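Below: one structure, written as structure tokens.
The structure displayed is predicted, hence computed values, not measured ones. Each chain gets a letter, A, B and so on, in the order its sequence line appears, and its residues count up from 1.
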Amino acid sequence: MQLNSAERNNSKAKLAQKIKKEIQEEYHRQASFLRERSDFCQELEYFLEIFSLPVSPQKVKKRFSRPFVGIYCIQAPLELFDALGFHPIRLCSGSLAIQRLSSPFLPALTCPLIKSCVGAFYLDESIEKLCDILVVPTTCDWNTKLPEMIQDKAIPFYIMELPHIKESERGQSRWLEEIYELKRFLEQCAGRRLNRSQLQISVNKYMKAWQAFGRLIEFRRRGLICGTWSIVLANAFMIDDVESWTDKVNIVLKNYDKPEGNSNPGVFLAGSPVFFPYLKISELIEEAGMDILADELCTSERLIASVIYDEPSEYGLLKALSERYHLSCSCPTYIDNDRRLKNILNTMRTYNIKGIVYHLLKGCHPYDLESFYFEKVIKENGFRFLKIETDYSREDRQNILARLEAFRATLC
Amino acid sequence: MTKVYKLRFLVQSMSFAVLTYGGRLGLRLGHCLPCFTCPYVGSCSGHCYLMALQRSQWGFQISFAEAISVWGLRALGMFAGFFLLTIIFSKAWCGWICPFGTLQDWITFLRKKLGIRESQFSWTLRDRLKPIKYILLIFLIVIPILIGNAGLHSDFGLPFCQICPAKKLMPIFAGNFRYFAVDISNPITAFMSIVSLILTAFFFVGMFFKDRFFCLFCPLLALISLFEKFGFLGLEKKVDACTGCGNCQRVCPLNIREVHLEKKKKNVLTQDCILCLRCVESCPQAKVLSLKFFKNTIFSSSKDYISKRFIKKKRENLCN
Amino acid sequence: MKIRILIILILFIYFILIQGIDIYAFSSKEEYLWIEFGKCMREKDGSLTLPLELNYGRFPGAKQGLKGLDEVSVFYSLSETDHNGKPVFYTARIQQDKQNYSVNINSSKQNRFIVFAQAKKKQNKVTIRYLAKTSFFLFGHSFSKKKTTRIILSREINRQLEIRIIPEFQCWPQTGNSVKIIPVFKKGYLAEKAISLFDQNMPQVEIMTNEKGECVYVPREDKRLNQKGETAFKQAVIVAEEDQGGIKHISSYTLLLHRSRFKNYKFFMGIAIFLGTMAAVFLFVIAGRKRIKF
């Protein structure tokens with residue numbers, strides 16, 4: 001019996017080893033694919049290097065000296081972690097290979113992103129396992145249930161209950177209470193009290209990142225930098241140190257500062273998140289001869305917002321933080337989210353974007369539910385709408401490409 | 001690009017100096033200014049219209065018989081002056097010119113320096129406070145009418161001035177602490193002065209813990225807001241482009257929620273707005289909020305402005 | 001209500017027991033002519049009309065009408081001067097309503113008025129010359145350009161004994177503010193002269209001028225006036241007389257008095273209330289903050 005179990009363990013370890021290699025290959029392949037692009041420049045190498053980190057956690061430890069906090073979803077206030085001496089990492093995963101580790105324990109129609117995220121806990125070493133704390137805001141059902149799915153792994157989860165109504169006093173004050181509670185928890189972990197001026201410095205750091213990111217978006221709208229690269233740059237923000245990321249983005253943008261950009265028909269990319277190495281959708285859109293001039297993905301344009309505070313008191317700062325991560329977030333899990341559609345339409349009108357590609361990961365219910373209403377309203381407003389439902393697999397590439405090419409024809 | 005808050009600070013300080021000390025240089029700006037330039041400040045250069053409104057010479061303390069005569073015309077003329085000034089600058093009187101508002105902003109500035117947090121009102125409380133300024137406005141019109149016609153004791157004259165905290169606090173800047181006294185001439189004056197002292201103390205502490213605390217109750221703000229739709233200045237919002245980040249609501253000294261929550265109407269100049277433009281300054285979406293003079297945009301929100309206004313280049317500047 | 005009753009009671013005791021003795025203490029004095037202020041009226045055209053009543057007898061109670069007085073005339077100046085630098089005087093028309101004689105002074109813009117009334121009386125071969133004087137502001141606001149016709153007084157005025165008040169024009173004459181009283185006789189000063197002062201609400205007082213011929217008078221706090229509104233006023237008549245053997249001059253000046261503006265201000269009481277309330281509100285806010293979670 002003992003032999004048997006040892007053997008089983010051995011074969012498990014072998015499988016894990018094999019999958020680990022596959023994951024590394026997957027990341028490597030995607031990175032080299034990006035390097036081969038015609039619009040690649042040396043400055044972008046830095047960001048591709050960032051994406052070698054998830055597959056080699058030891059490098060992460062060396063690179064960032066501070067203790068790590070893993071975050072699922074964008075509602076946890078990064079500035080707060082930074083001010084208390086933690087390095088926040090947003091744990092998204094776009095890896096297909098890693099899903100093989102988790103799929104036996106998950107429903108068949110699980111959101112691919114969650115599948116990959118859960119899979120990371122079954123590796124013997126991963127960024128997830130480096131984190132001292134894992135913060136989970138209860139956004140969609142997948143995320144809410146995430147701690148339960150991997151409870152046997154004894155991971156230090158901290159759950160933030162997200163009020164799903166934003167524009168009410170109750171919702172806002174409850175979220176502020178959550179932020180305060182998180183602050184207390186982090187103070188305990190860090191063993192020191194939150195310093196007001198330290199938090200101000202952190203806020204300023206992230207504001208600088210926001211400024212750089214704003215420039216990136218502006219470049220993208222003008223067609224100077226393509227959608228895929230902007231998504232990659234934004235993805236890198238989720239792992240990298242904020243200050244060096246800001247510097248590098250500014251350097252990259254200097255390189256792309258040209259008077260005129262591409263003139264392919266522009267599209268708007270909406271829907272489920274896209275994360276390295278899963279860049280299939282953006283690459284295919286570009287392959288079909290369209291530019292992603294704008295998106296509203298939570299791994300891209302919605303990632304960084306400005307924190308503006310008028311009150312330098314601790315309460316004022318935390319309130320500013322709480323509202324930035326609650327009110328200004330347009331996650332589809334919110335109930336009062338009518339502004340999101342209006343904003344999309346407004347962006348399309350402003351930048352003369354004629355069509356919208358609605359990207360949907362199979363099993364991503366909030367976006368799926370919304371897509372029908374979105375389709376109706378967007379078409380009513382005279383725009384083209386294309387819904388693409390897919391997952392991390394590469395098999396449907398040709399099929400999607402054909403549909404996108406047909407979509408392009410309708411835009412001209 | 002000039003920073004609006006710096007410009008505003010400059011304009012406020014200058015108008016404070018001019019309105020509070022201009023009288024010493026012989027400056028006379030009339031009796032119908034739509035801001036709290038208190039006539040009890042010996043060296044003031046213009047008078048708050050609320051005083052004229054309550055007086056017998058230019059206001060409502062007048063008998064009905066006298067009202068249909070030159071005396072009524074004089075009151076009307078004074079109102080015309082007020083109306084004209086009001087529609088030109090609209091609420092900018094409150095946010096940019098009013099010396100009492102400036103005083104409150106200075107006190108708030110001090111509180112922020114000390115890192116003391118602002119008191120918060122719940123949404124219901126904030127909404128319940130809204131009618132108070134209109135009630136005060138009605139009282140300050142009805143009491144003079146009663147004095148003029150129904151034989152109410154004339155010591156109730158200038159009822160609002162008697163209880164106004166500006167009457168006590170503003171003369172301090174001219175070295176006059178006299179109005180902190182209780183006037184024991186008769187029971188009415190004693191009552192009124194004790195009430196006013198209690199109110200002044202209440203507002204003075206309130207001002208420290210809350211931005212523009214007095215403005216929440218200001219009857220002049222109510223009076224200006226009655227005519228704001230004729231005003232040349234307007235605050236407009238591009239509702240479609242608003243992401244609802246809530247910055248405008250948070251930075252607003254009067255905790256106005258409408259600018260944030262408005263989803264249909266273009267005009268967001270609400271009754272409590274003092275046109276301090278903090279919301280426009282802090283709006284991260286391009287041209288979502290803009291200040292208009294007739295149809296011309298004077299100032300509108302942008303990312304660039306926010307970067308310049310809120311991002312500090314050096315670390316040292318942060319710890320203020 | 002109780003406070004009011006209490007104050008009335010205190011006043012009652014005050015007047016009866018303490019001040020009662022002094023009333024009419026100098027009633028042996030001569031009677032005199034005085035000008036009494038009426039209630040200022042606003043005209044439709046924006047001008048102001050001030051009725052001034054002419055009275056003879058003893059202020060305030062004993063009015064006798066103008067019986068037995070000859071050559072009663074009233075004239076006023078607007079503090080403007082002619083080319084010789086002398087003040088221009090105008091005659092005012094005296095209106096009679098039964099026993100009451102009055103003069104209406106109308107002002108369509110801002111004016112300073114000095115009003116004189118004079119009369120003569122022969123009594124036991126002694127001629128008594130009466131002169132009554134007062135001075136005041138009127139702030140009329142008429143838009144009409146129409147000039148009021150005024151009749152210039154041609155003859156010389158007999159004002160040998162005149163009471164001067166410094167300051168002559170006060171924006172807000174009030175109790176508690178000192179006024180200087182100078183009786184002038186034939187352009188000379190009268191030293192060590194007794195002057196009587198008849199106040200509407202107070203007992204009569206006698207004051208002496210000093211060697212320079214002037215005396216300083218501080219109108220006392222008047223509880224009865226204080227009870228009235230801020231704009232309410234009372235009058236006090238200052239009387240001086242000079243016997244010249246055969247001709248006797250009796251002159252009066254009517255002083256208008258409002259209640260004191262600032263003499264009743266209790267500063268420390270006010271500051272105590274202010275600071276006390278401030279402390280209470282402050283503590284309330286702090287206590288409120290302690291209770292909230294964040």
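- With ring centers used as reference points, Trp106(B) lies under 6.0 Å from Phe16(B).
- A distance of 7.5 Å separates CG in Leu254(B) from CZ in Arg212(B), rounded to the nearest 0.5 Å.
- Contacts between Ser122(B) and chain A at a heavy-atom distance below 4.5 Å involve backbone atoms as well as side-chain atoms.
- For Phe213(A) and Tyr206(A), the distance between ring centers is not under 6.0 angstrom.
- When each of Phe204(B), Phe208(B), Phe202(B) is checked for a ring-ring contact (aromatic ring centres under 6.0 Å, His included) with Phe213(B), only Phe202(B) meets the rule.
- Neither the backbone nor the side chain of Arg257(B) comes within contact range of chain A; no heavy atoms are under 4.5 Å apart.
- Between chain A and the options Thr243(B), Val251(B), Thr124(B), Asp211(B), heavy-atom pairs under 4.5 Å are most frequent for Thr243(B).
- Both the backbone and the side chain of Ala320(A) have a heavy atom closer than 4.5 Å to some heavy atom of chain B.
- Of the listed residues (Lys342(A), Glu169(A), Lys166(A)), the one with the most heavy-atom contacts under 4.5 Å to chain B is Glu169(A).
- With a 4.5 Å cut-off on non-hydrogen atoms, Ile116(B) touches chain A through its backbone but not through its side chain.
- Proximity to chain B is limited to the side chain of Asn346(A), based on heavy atoms less than 4.5 angstrom apart.
- Of the charged side-chain nitrogens involved, none lies within less than 4.0 Å of a carboxylate oxygen, so that Glu281(B) and Lys3(B) do not count as a salt-bridged pair.
- When ring centroids are compared, Phe385(A) and Phe374(A) stay outside the 6.0 Å threshold.
- Of the two parts of Ser168(A), only the backbone, made up of N, CA, C and O, holds a non-hydrogen atom closer than 4.5 Å to a non-hydrogen atom of chain B.
- Between Phe217(B) and Phe203(B), the angle of the ring planes goes over 60°, which puts this pair in the perpendicular group of the 30/60° scheme.
- For Phe268(A) and Phe383(A), the ring centers are positioned 6.0 Å apart or more.
- Ion pairing between Asp240(A) and Lys248(A) fails under the 4.0 Å rule for side-chain N and carboxylate O.
- Shown here is Arg193(A), whose CZ atom has no more than 12 heavy atoms of other residues, nucleotides or ligands within 6.0 Å.
- Of all the listed residues (Glu118(B), Lys303(B), Lys263(B)), the one sharing the greatest number of non-hydrogen pairs under 4.5 Å with chain A is Lys263(B).
- In this structure, chain B has a heavy atom under 4.5 Å from the side chain of Arg349(A), while its backbone stays farther away.
- Most heavy-atom pairs under 4.5 Å with chain A: of the set Gln249(B), Lys238(B), Arg278(B), this distinction falls to Arg278(B).
- For the residue pair Gly115(B) and Ser313(A), the shortest heavy atom distance occurs at O-CB, 3.3 Å.
- Using a 4.5 Å cut-off between heavy atoms, Glu218(A) makes no contact with chain B at all.
- Interface remark: Gln285(B) contributes no atoms to any contact with chain A (heavy atom separation under 4.5 Å).
- Between Glu296(A) and Arg340(A) there is a salt bridge, since at least one side-chain N of the basic residue sits less than 4.0 Å from a carboxylate O of the acidic one.
- Residues of residues 324-335 of chain A placed with any heavy atom under 4.5 Å of a heavy atom in chain B are listed by number as Leu327(A), Ser328(A).
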